[in-house]
Amino acid sequence: MIKLTRHFYTRDVLEVAPGLLGKYLVLQTSGACNKFLITDVEAYRGTDDLACHASKGLTKRTEPMFRQGGILYIYLIYGMYYMLNIVTSTENNPQAVLIRGIEGCNGPGKLTKKLGIDQSFNREDLIDSNRIWVIDTNNTVSYKTSPRIGVDYAGDYWKNLHWRFYI
DNA sequence: AGCAAGATCGGT
DNA sequence: CCGATCTTGCTG
């Protein structure tokens with residue numbers, strides 16, 4: 001099983017997000033190497049998407065999303081939970097995939113706690129990193145879609161798009 | 001400098 | 001449904 005390359009991530013988030021389903025997130029921590037099947041993701045796409053943090057423009061927080069795909073965008077929400085996002089597309093085209101679930105663990109806040117992912121992972125490059133990356137599989141998965149979770153504030157149009165993809 | 005809200009979660 | 005908990009971004 002091969003580590004995903006830059007090309008995988010520099011595509012549009014609506015291709016990358018469902019493409020991550022069935023692949024393995026790999027964590028190398030203190031001697032142990034663990035892999036987790038990705039089962040639930042959401043797409044956040046560009047400055048027009050009112051649910052996407054990039055709709056606020058380029059800020060200190062959202063800056064990682066404006067970079068080339070393949071790096072992580074981590075932020076703290078509700079003062080308690082780190083959210084794990086994978087940046088996609090090309091520079092100055094802010095998009096990201098929120099990892100909502102892995103096999104045996106539902107919820108973006110719960111999974112970062114379980115995996116020990118904190119702010120130090122912000123901007124980590126999945127191609128270069130020696131502690132986190134994603135590997136391809138031969139899995140052919142069928143998936144469902146739904147509106148994104150927790151974005152009612154984004155207005156009727158953006159909150160109702162089926163940009164959540166899950167197994 | 002102050003404030004309201006948030007890509008959540010677990011307990012009533 | 002509600003509180004925990006604190007950073008962010010907007011307003012003044």
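Quick note on labels: first sequence line is chain A, next is B, and so on, each numbered from 1.
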Q | Check: Glu103(A)/Thr39(A) side-chain N/O donor and acceptor closer than 3.5 Å | A | no
Any side-chain heavy-atom pair of [X] and [Y] under 4.5 Å:
| X | Y | result |
| --- | --- | --- |
| Leu4(A) | Tyr9(A) | yes |
| Leu50(A) | Tyr153(A) | no |
| Cys33(A) | Val26(A) | yes |

Taking [atom1] from [X] and [atom2] from [N], how many angstroms apart are they, rounded to a whole number?
| X | N | atom1 | atom2 | result |
| --- | --- | --- | --- | --- |
| Met65(A) | dA7(B) | CE | P | 10 Å |
| Asp40(A) | dT8(B) | CG | P | 11 Å |
| Ile74(A) | dT8(B) | CD1 | C1' | 15 Å |
| Asp118(A) | dT7(C) | CG | P | 14 Å |
| Lys113(A) | dT5(C) | NZ | P | 12 Å |
| Leu50(A) | dA5(B) | CG | C1' | 15 Å |
| Ile99(A) | dT8(B) | CD1 | P | 14 Å |
| Lys56(A) | dT7(C) | NZ | C1' | 14 Å |

**Q.** Helical stems, DNA chain B - three or more consecutive Watson-Crick or G-U wobble pairs below 3.5 Å
**A.** B:1-6 with C:6-11, B:8-11 with C:1-4
Q. Rounded to the nearest 0.5 Å, how far does OH of Tyr82(A) lie from CG of Leu72(A)?
A. 14.0 Å
Q) In Å and rounded to the nearest 0.5 Å, what is the CE to NZ distance from Met1(A) to Lys35(A)? A) 3.5 Å
Q: Could you tell me whether a side-chain N or O of Gln119(A) sits under 3.5 Å from a main-chain N or O of Ile74(A), the two making a donor and an acceptor?
A: yes
Q: Mind listing the residues from residues 77-91 of chain A sitting with a heavy atom below 4.0 Å of DNA chain C? Number order is fine.
A: Tyr78(A), Gly79(A), Met80(A)
Q: Please check the phosphate of dA7(B) (OP1 and OP2 only) for any side-chain N or O of Lys159(A) closer than 4.0 Å.
A: no
Q | Phosphate-side-chain proximity, Arg100(A) and dT8(B), N/O vs OP1/OP2 below 4.0 Å | A | yes
**Q.** Lys/Arg-Asp/Glu bridge criterion (N-O < 4.0 Å) met for Arg6(A), Asp125(A)
**A.** yes
Q: Indicate yes or no: does Glu42(A) engage Arg100(A) in a salt bridge with an N to O separation below 4.0 Å.
A: yes
(Q) Checking contacts here: which listed nucleotide (dG9(C), dT7(C), dA7(B)) is nearest the side-chain heavy atoms of Leu76(A)? (A) dT7(C)
Q: Side chain of Pro108(A) only, please: which of dG9(C), dC9(B), dA7(B) is the nearest?
A: dC9(B)
Q. Looking for any heavy atom pair under 4.0 Å, which part of the strands does Arg61(A) touch: base, sugar-phosphate only, or nothing?
A. sugar-phosphate
Q. Taking atom P in both dG2(B) and dT5(C), what distance in whole Å separates the two?
A. 22 Å
(Q) Taking Ile38(A) as the starting point, is it possible to reach Val97(A) by hopping between hydrophobic residues whose side chains are less than 4.5 Å apart? (A) yes
Q) Less than 5.5 Å between centroids and less than 30° between ring planes, does Tyr44(A) satisfy that with dA7(B)? A) yes
